[in-house]
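Encoded as structure tokens, the structure appears first; notes follow it.
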There are 2 protein chains.
Amino acid sequence: MQKLTTQRQAILDVINLSDKHWDADEVATALKERNNPIGIATVYRGLAALAELGLIESIQLADKKRYERASKDHHDHLVCQVCGMIEEFCKTEIERLQEIVAREHGFEIQDHQLLLFGICKSCKTGEK
Amino acid sequence: MQKLTTQRQAILDVINLSDKHWDADEVATALKERNNPIGIATVYRGLAALAELGLIESIQLADKKRYERASKDHHDHLVCQVCGMIEEFCKTEIERLQEIVAREHGFEIQDHQLLLFGICKSCKTGEK
DNA sequence: TTTAATATTGATAATGATTATCATTTGCCC
DNA sequence: GGGCAAATGATAATCATTATCAATATTAAA
């Protein structure tokens, strides 16, 4: 179960194109522009399948899910509320503290998500 | 702007009833059961207004927003993927590290959300 | 207090992301 | 080479949330 079909490879290629955080619609549009249109339902299923295979990663924002290429080390995200830009950061110390919290609660962590919302550097300095 | 109408006070009362994390529909149902039905659109707007006034707090889960009563200290959440239970925890050290990350990126934090997904104590020990 | 401006309510329609349905196609195993 | 399991794609359905809008309530001003 969960095959890497030609459609899913095309989706994977698109996501690996850049370090953008793609939503399903953007992936579908990019595929259309590459003259390889894929049905939107297939895009959704393909993204879910690729994430399950560990070939891409996902973050859940308030309104929609976004996908990015898989990276070696786990990271979390800064989300600019002005321009929508998403930056990444690693902080192993935070991960360690999360484990401590979990232990205190008898909780077994399987996944986590840390989002920092605010204003990014370029929006703060008024750049375009 | 943003008045504390009788409807909004009723919504606030419901949320202050317990330390549950309510979604809009549950609040509307609770109000109906108390013989004080309030239109669902008004419930949504009321919850948003109360959160803006700082009288309640919200967390954004994958599918929906949930509201809880306001607490003195900021806290984050453990979400059990088996039973759906939501626990809270405080870890000021994590908050401090978030600020350090932000400074490193020239980012100004306005809000944040940390969710730990996994299996809670009682689900792990097989309780009911 | 009347009047005017403003915000709220509630029923319902609209939106938007995502999932379900289902007939058709593809790929693989024996 | 037929059959089973999974995938595809068009489209309908779902579900939380927001928009619309007429009716009502509240506040401020005259």
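Keep in mind the model is a prediction, meaning the values are calculated, not measured. Reminder, nothing fancy here: chain letters follow the sequence lines and each chain counts from 1.
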**Complete:** The complete set of salt bridge (Lys or Arg N to Asp or Glu O under 4.0 Å) pairs with one or both residues in residues 55-68 of chain A, sequence neighbours excluded, reads A:D23-A:K64, A:D23-A:R66, A:E26-A:R66
**Length of the line joining A:Q7:CD and D:dA6:P, which is rounded to integer Å** = 17 Å
**Asked** Considering only heavy atoms, which members of residues 31-39 of chain A lie under 4.0 Å from some atom of DNA chain D?
**Response** A:I38, A:G39
**Message:** Can you list everything that forms a side-chain hydrogen bond (donor to acceptor under 3.5 Å, both in side chains) with B:S18? Sequence neighbours excluded, please.
**Reply:** none
**Request:** Could you tell me the separation between the CG atom of A:L53 and the C1' atom of D:dA7, rounded to a whole number of Å?
**Result:** 14 Å
**Side-chain N or O of A:T42 closer than 4.0 Å to phosphate OP1/OP2 of D:dG9** = yes
Nucleotide N/O of nucleotides 16-23 of chain D paired with protein N/O under 3.5 Å:
residue : atom : partner : partner atom : Å
D:dT17  : OP1  : B:K65   : N            : 2.8
D:dT17  : OP2  : B:Y44   : OH           : 2.9

**Prompt:** Linking Ile, Leu, Val, Met, Phe, Trp and Tyr by side-chain heavy atoms under 4.5 Å, what else ends up with A:V82?
**Reply:** A:I119
**Partners meeting side-chain hydrogen bond (donor to acceptor under 3.5 Å, both in side chains) with A:E95 (sequence neighbours left out)** = A:H112
**Message:** So, using side-chain hydrogen bond (donor to acceptor under 3.5 Å, both in side chains) as the criterion, who are the partners of A:E87 when residues are at least two apart?
**Reply:** B:H105
**Item:** Value in whole Å for how far the C1' atom of C:dT8 lies from CD of B:Q9
**Value:** 14 Å
**Complete:** For nucleotides 23-30 of chain C, 5' to 3', base contacts (B), sugar-phosphate-only contacts (S) and non-contacts (-) with protein non-hydrogen atoms under 4.0 Å give --------
**Prompt:** With B:E88, which residues qualify under salt bridge (charged side-chain N to carboxylate O under 4.0 Å, His left out), at least two apart?
**Reply:** none
All N/O donor-acceptor pairs, side-chain side in residues 29-40 of chain A, below 3.5 Å, sequence neighbours left out:
residue : atom : partner : partner atom : Å
A:T29   : OG1  : A:D25   : O            : 3.0

**B:R8 (side chain) donor-acceptor with B:L50 (main chain) under 3.5 angstrom** = no
**Prompt:** Roughly how many Å is it from CG in A:L47 to C1' in C:dA17, rounded to a whole number?
**Reply:** 13 Å
**Request:** Specify the closest pair of heavy atoms between A:V27 and A:W22, including all atoms of both residues, with the distance to one decimal.
**Result:** CG2-CB, 3.6 Å
**Prompt:** Which ILVMFWY residues are connected to B:L78, directly or by a chain of links, through side-chain heavy atoms under 4.5 Å apart?
**Reply:** A:L78, A:F89, A:I94, A:L97, A:I100, A:V101, A:F107, A:I109, A:L114, A:L116, B:F89, B:I94, B:L97, B:I100, B:V101, B:F107, B:I109, B:L114, B:L116
**Item:** side-chain hydrogen bond (donor to acceptor under 3.5 Å, both in side chains) involving A:R69 - partner list, sequence neighbours excluded
**Value:** none
**Prompt:** Reckon B:T5 has a side-chain N or O less than 4.0 Å from the OP1 or OP2 of C:dT9?
**Reply:** yes
